[in-house]
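Taking it in order: structure first as structure tokens, then the write-up.
Everything quoted here is computed from the prediction, not taken from an experiment.
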Amino acid sequence: MRSQRLPLLALTTTLGLTLTACGGSTEQAGEGALADGKVSIGVVGTDPTHEALKTLAEEQGITVEYVDFSDYNQPNPATESGDVDMTWFQHIPFLADYNNSAGGSITPIGSTSIYPLGLYSNEYDSVEQFQEGDEIAVPNDAVNLSRALLVLESAGLVELKNDTLIPSELDVDTEASTVRVTPVSAEQTVLSLDSVAGSIINNDFLSRADIDPESALAQDDPESEGSRVYVNLFTTTEELADDETLKQVADLYHEQPVVDAELEETRGTAVPLQLEQEELRELTERYQQELKDQQQ
């Protein structure tokens with residue numbers, strides 16, 4: 001992904017990039033609205049990383065319960081309604097888009113990792129093999145669709161009409177592009193692999209489909225400045241944003257056992273990135289404003 005497509009990130013050069021785990025903690029469950037030490041977390045699919053964090057939380061007197069939702073559109077409303085205390089599934093653009101479109105006020109309380117978004121194919125072994133008119137399935141939610149189009153643009157498979165922060169299907173120059181894009185649900189990008197020339201697949205669906213991340217034919221660079229905005233988050237409501245128990249749970253992600261489980265689960269592709277809560281909130285607010293400006 002080209003960093004110039006995210007001009008707001010020029011304002012975040014002071015953000016720290018941490019690629020190693022933080023030291024262990026011996027603190028007990030914090031005092032706050034959830035001082036009973038019970039925390040429910042909305043996720044979309046569970047894996048060993050979630051279990052590693054849950055085990056660490058138990059050692060610190062915190063009982064973590066996961067609520068596994070079937071798609072990405074469910075956890076944020078569930079958080080606002082109080083069905084779960086916090087979520088662990090989304091990056092900053094997804095959160096910003098949700099808050100703008102739903103009038104929500106979900107806020108980040110901690111960061112996790114950046115996961116590359118890649119192009120996969122059962123038909124081809126390289127980007128150069130794609131033919132004129134080939135169909136590529138991409139996630140249909142606005143944020144991941146934009147990110148997918150930028151991956152395809154950088155791979156030389158699509159041309160965009162405008163230098164825009166958040167490209168959509170309407171920004172694709174179909175006559176100048178090699179491939180056709182077909183938006184489908186994120187889950188369907190994997191299931192579509194046998195019927196299309198390629199799919200842009202979110203990292204968290206790769207292990208479920210037993211797809212090797214190293215088989216990606218193209219992907220964005222998770223260590224580039226332009227990709228920082230795609231760091232995944234722990235989020236909650238404004239009312240619980242300062243709860244010490246929730247913050248403590250979010251911090252556990254960067255403990256070594258959790259980092260190790262994440263790297264094993266993602267086959268080394270996850271890039272842990274620990275940012276302060278205030279920095280995350282500021283970046284989310286700026287992205288929300290960029291989205292509003294794009295729509296005017």
Side-chain angles (χ1 to χ4, degrees), residues 16-30 32 34-70 72 74-75 78-79 84-92 94-95 108-117 186 201-214 222-223 230-236 240 243-277 280:
L17 181 62
T18 303
L19 299 181
T20 57
C22 296
S25 171
T26 59
E27 296 178 1
Q28 295 301 305
L34 304 176
D36 60 357
K38 295 181 180 179
V39 175
S40 59
I41 305 178
V43 298
V44 181
T46 59
D47 57 47
T49 308
H50 296 88
E51 291 306 310
L53 185 141
K54 182 176 181 178
T55 298
L56 277 183
E58 289 175 351
E59 293 174 359
Q60 298 185 19
I62 303 172
T63 300
V64 168
E65 298 178 351
Y66 293 112
V67 179
D68 192 357
F69 293 96
S70 61
Y72 293 137
Q74 297 174 328
T79 305
V84 296
D85 300 315
M86 62 192 297
T87 68
W88 174 8
F89 79 100
Q90 65 193 322
H91 49 42
I92 288 171
F94 189 97
L95 173 60
I109 57 173
S111 60
T112 62
S113 290
I114 295 175
Y115 309 97
L117 187 66
I201 302 175
N202 290 6
N203 190 283
D204 53 349
F205 291 110
L206 298 178
S207 60
R208 304 185 207 179
D210 197 28
I211 297 174
D212 184 357
E214 294 185 0
E223 296 189 39
Y230 294 109
V231 66
N232 277 245
L233 307 166
F234 286 100
T235 65
T236 189
L240 292 177
D243 184 87
E244 293 303 322
T245 301
L246 296 190
K247 289 183 178 181
Q248 188 172 342
V249 169
D251 287 343
L252 288 176
Y253 177 89
H254 294 279
E255 297 283 358
Q256 196 64 53
V258 181
V259 171
D260 289 344
E262 180 75 291
L263 291 176
E264 181 176 357
E265 176 65 22
T266 64
R267 304 185 191 184
T269 60
V271 180
L273 176 62
Q274 189 168 23
L275 302 177
E276 295 296 325
Q277 181 182 19
L280 293 169

Mind checking the [atom1]-[atom2] spacing from [X] to [Y]? Nearest 0.5 Å is all I need.
X: S111; Y: L275; atom1: OG; atom2: CG; value: 4.5 Å
X: F89; Y: T235; atom1: CZ; atom2: OG1; value: 6.5 Å
X: S113; Y: L233; atom1: OG; atom2: CG; value: 11.0 Å
X: E255; Y: Q60; atom1: CD; atom2: CD; value: 6.5 Å
X: F234; Y: L252; atom1: CZ; atom2: CG; value: 8.0 Å
X: H254; Y: Q256; atom1: NE2; atom2: CD; value: 12.0 Å

### Query
What residue among T87, D85, T79, T63 forms side chain to side chain donor-acceptor pair (under 3.5 Å) with S40?
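Single side chain to side chain donor-acceptor pair (under 3.5 Å) partner of S40 among T87, D85, T79, T63: D85.
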### Task
Have a look at E262 and tell me which of T269, T49, T112 forms a side chain to side chain donor-acceptor pair (under 3.5 Å) with it.
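Only match with E262 under side chain to side chain donor-acceptor pair (under 3.5 Å): T49.
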### Query
When you look at CD of E264, are more than 12 heavy atoms from neighbouring residues, nucleotides or ligands closer to it than 6.0 Å?
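Counting other residues, nucleotides and ligands, CD of E264 stays at 12 neighbours or fewer.
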### Task
Kindly give the heavy-atom pair with the smallest separation between A261 and A52, and that separation in Å.
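Between these two residues, the closest heavy atoms are CB-CB, 3.8 Å.
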### Query
What is the minimum heavy-atom distance between D68 and G45, and which atoms define it?
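Where D68 meets G45 most closely, the heavy atoms are OD1-N, 2.6 Å.
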### Task
Could you check whether the rings of H50 and W88 sit parallel, tilted or perpendicular, using 30° and 60° as the cut-offs?
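Taking W88 first and then H50, their aromatic rings sit tilted (interplane angle of 30° to 60°).
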Minimum side-chain heavy-atom gap [X]-[Y] below 4.5 Å:
X: F69; Y: V84; value: yes
X: P213; Y: Y115; value: no
X: L117; Y: N202; value: yes
X: V231; Y: L280; value: yes
X: P108; Y: I92; value: no

### Query
Within the side chain of N232, is there an N or O that forms a donor-acceptor pair under 3.5 Å with the backbone of I114?
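No, N232 side chain to I114 backbone: no donor-acceptor pair under 3.5 Å.
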### Query
Does the T266 side chain pair with the main chain of A270, one donor and one acceptor, at a distance under 3.5 Å?
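Yes, because the side chain of T266 sits within donor-acceptor range (under 3.5 Å) of the backbone of A270.
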### Query
Which of these passes side-chain contact (heavy atoms from CB on, under 4.5 Å) with V249: L56, L53, D243?
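Only match with V249 under side-chain contact (heavy atoms from CB on, under 4.5 Å): L53.
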### Residue list, side-chain contact (heavy atoms from CB on, under 4.5 Å) with K247, at least two apart or on another chain
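Expected list: D242, E244, Q277.
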### Task
In sequence, state the C-alpha distance, the side-chain angles, and the governing distance for R267 and D210, and then conclude on salt bridge (Lys or Arg N to Asp or Glu O under 4.0 Å).
CA-CA 11 Å; R267 304 185 191 184; D210 197 28; 3.3 Å; yes
